[in-house]
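Structure first, commentary second.
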Amino acid sequence: MYSRNHTLTHLALCCGLLGAPVPASAQPVNLVPTGALRFTINAGSAIAPVTTSFAISLLDTPQAAGATVARINAMTATTLTVTGANWIAGALATPSFPYAIRIITGAAVGATFPIGANTTDTLTFFSVDLTTFGLVTGTAGDSMRIIPVDTLNSLFGATTFLGGTNPTEADMITLSSSGTQLSYYYHTTLSRWVRTTGPTTDRGNIPIPLDGAISVTRKSAAMTLTFVGRVPDMRFSVAVPNSGPTYTHTGFPVDVSLGVMSLQTALPGWLSASTPGTADTLSVSIGAGWLSYFHNGAFWQRTTGPATNRDAIVIVAGTPILIFKRGTAAGASYFNRALPYSF
Amino acid sequence: MKTLPTLLVLASTLLLSSARAQVVLQNFSSTVGTTTFFHGTWEASGDPFGTNSPNINFVQGAGVYDFTGTTGLVPTNDANSKVEFFNGTAVSIGTNTFLSVSAQMLATNAATSFAVTLVDTGGKTAFSTFSAVDFVTGSYTTITGALTFQAGFVPASINSMIISGNQSGGSAQFNISFDNIAATSAIPEPGTYAALAGAVALGFAAWRRRRAPRNPARPNVT
């Protein structure tokens with residue numbers, strides 16, 4: 001659930017209400033529908049933990065002051081300027097309440113960049129070269145939308161999951177983003193989120209990846225999580241490194257089959273091959289594990305077992321996927337999916 | 001008369017600036033410690049959260065660390081087999097956009113690649129993937145690879161570095177010896193050093209010519 005309002009967040013989490021009614025005063029008026037994703041987190045125990053993985057393709061509505069949808073007036077490789085945006089300096093890059101932008105028009109529609117710093121009219125970004133996205137600036141330039149990004153603290157707080165003094169007894173939350181999986185748990189003595197590995201540094205401000213996946217390794221009773229947010233209303237676009245793994249999702253809160261998603265054509269440089277050992281692979285989450293497929297040039301098939309056509313296999317809404325690109329090439333390509341529905 | 005000093009200053013400036021730009025992230029002189037966590041087949045036991053205890057076959061050498069072992073607990077190239085080095089204080093790689101790895105493939109290695117990933121304090125990452133075959137057996141080779149950055153990664157705030165086997169479910173034997181990993185500003189092409197050496201040699205020759213007497217055969221007149 002992408003919401004700045006903790007009360008609303010935990011009301012829906014605790015009650016598990018699909019499409020829980022929210023006060024009109026808490027939601028800005030917009031024409032994009034609000035949807036809900038509901039996930040059942042399977043029961044487990046410390047001895048036999050059970051992992052459930054999911055991905056959230058809904059978005060929150062920004063609560064920060066200033067322009068939330070704006071045309072880009074000027075840019076550099078790492079900054080975008082919106083004249084008269086009237087943002088509060090630093091407010092969009094506060095670690096406890098981070099924001100990102102999503103490009104909503106033009107060649108880069110769907111591209112999303114976390115905000116690293118901001119003044120009243122300029123946003124600064126890290127580790128990205130904005131000049132490579134074909135952005136147009138000026139009076140007829142491209143537009144962007146400010147998107148809030150939840151954190152472990154803001155989304156889950158201290159009580160959503162089972163805490164503990166070590167990762168063996170506590171529920172473990174794994175955030176998978178780009179090619180890395182990092183795991184956390186709520187430390188009940190230290191009263192903060194910490195990594196399952198390494199120093200017990202406060203990790204409560206770790207952002208929940210917008211294009212990534214979440215896994216819950218549960219050591220208690222089953223629970224239901226319901227996330228409410230804006231339904232995506234534009235193309236899904238995620239950077240996929242040209243080598244190694246990428247944890248992401250299908251972009252929209254609707255089911256899609258392997259054949260319809262057509263990753264082999266939607267992701268430039270996809271390597272189809274007659275054997276899985278030489279092909280790029282697409283894996284679909286099944287809790288703690290994955291079912292892997294490759295494209296043999298004609299259709300999708302499992303990496304193990306008979307060469308059955310699996311194009312009709314459905315990836316259920318909210319299911320994480322793992323893309324694995326062979327080789328050692330640097331850089332990234334963009335997996336773009338057109339909006340699969342209309343309003 | 002100023003040719004040689006000028007060229008030497010130029011060459012040393014270039015080399016020194018290259019040296020200054022490099023940020024050593026791990027020199028493997030004391031690999032195992034309380035801030036180093038091994039996972040999967042790279043750890044001594046099956047702790048799912050990783051431990052400070054490496055695979056019992058791993059060997060600490062003088063400034064190098066061997067991920068070795070062909071019997072017993074054999075290290076593999078599974079992506080979940082990894083080692084993570086935490087920094088006590090966040091490290092900055094400055095404007096560097098490459099990683100250089102000095103390593104050698106041990107004779108028993110069957111893994112084809114490995115990945116080195118930098119994790120910032122916000123959980124964002126940047127990584128380079130390396131082909132094992134580029135690291136010849138018998139001597140240490142330095143290979144430089146471009147970092148692929150996740151948008152939002154903060155280069156001034158590196159919290160940890162992960163070396164991983166890179167293959168999902170990989171079972172190939174991972175036997176590689178590491179000497180050094182550093183963030184660098186560019187790929188040091190061998191031709192660059194050859195050009196510098198040539199320039200220095202030419203400058204030295206010119207300097208020698210200018211220092212030599214115009215007519216060494218002419219006797220001094222007093």
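Remember, it's a predicted structure, so these values are computed and weren't measured experimentally. Computed over heavy atoms, backbone and side chain alike; hydrogens, waters and symmetry mates excluded. Residue numbering restarts at 1 for every chain, and letters A, B, ... go by the order of the sequence lines.
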[X] versus chain A, the contacting section by heavy-atom distance below 4.5 Å:
X      : value
B/Q150 : both
B/T34  : neither
B/T35  : neither
B/N52  : neither
B/T125 : side chain

Which residue out of [options] racks up the most heavy-atom pairs below 4.5 Å with chain B?
options                        : value
A/A329, A/S243, A/A239, A/P167 : A/P167
A/G179, A/P241, A/G327         : A/P241
A/Q181, A/R326, A/R203         : A/R203
A/P95, A/P199, A/G116, A/G244  : A/P199
A/S177, A/G198, A/S292, A/A100 : A/G198

Heavy-atom proximity to chain B below 4.5 Å, by part of [X]:
X      : result
A/S183 : neither
A/F324 : side chain
A/T168 : both

Any side-chain donor paired with an acceptor under 3.5 Å for [X] and [Y]?
X      : Y      : value
B/E84  : B/S160 : yes
A/T328 : B/T129 : no
A/N242 : B/T148 : no
A/T131 : A/D129 : yes
B/D66  : B/S177 : yes
B/S113 : B/Q167 : yes

Next item on the list: For the residue pair B/F67 and B/F178, categorise the inter-ring angle as parallel (less than 30°), tilted (30 to 60°) or perpendicular (more than 60°).
Entry: perpendicular
Note to self: Parallel, tilted or perpendicular: which one describes the rings of A/W290 and A/Y247, with boundaries at 30° and 60°?
What the structure shows: tilted
Next item on the list: Test A/F156 against every option in A/D171, A/T151, A/I208 by the side chain to side chain contact (heavy atoms under 4.5 Å, CB included) rule and name the one that passes.
Entry: A/I208
Next item on the list: With A/P245 as reference, evaluate A/T180, A/V240, A/I323, A/L322 under the side chain to side chain contact (heavy atoms under 4.5 Å, CB included) test and give the passing residue.
Entry: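 For A/P245, the side chain to side chain contact (heavy atoms under 4.5 Å, CB included) test succeeds with only one of A/T180, A/V240, A/I323, A/L322, which is A/L322.
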Heavy-atom pairs under 4.5 Å with chain A, option from [options] with the top count:
options                       : result
B/G122, B/G123, B/G88, B/P155 : B/G122
B/F149, B/F49, B/F127         : B/F49
B/A115, B/G50, B/S131         : B/S131

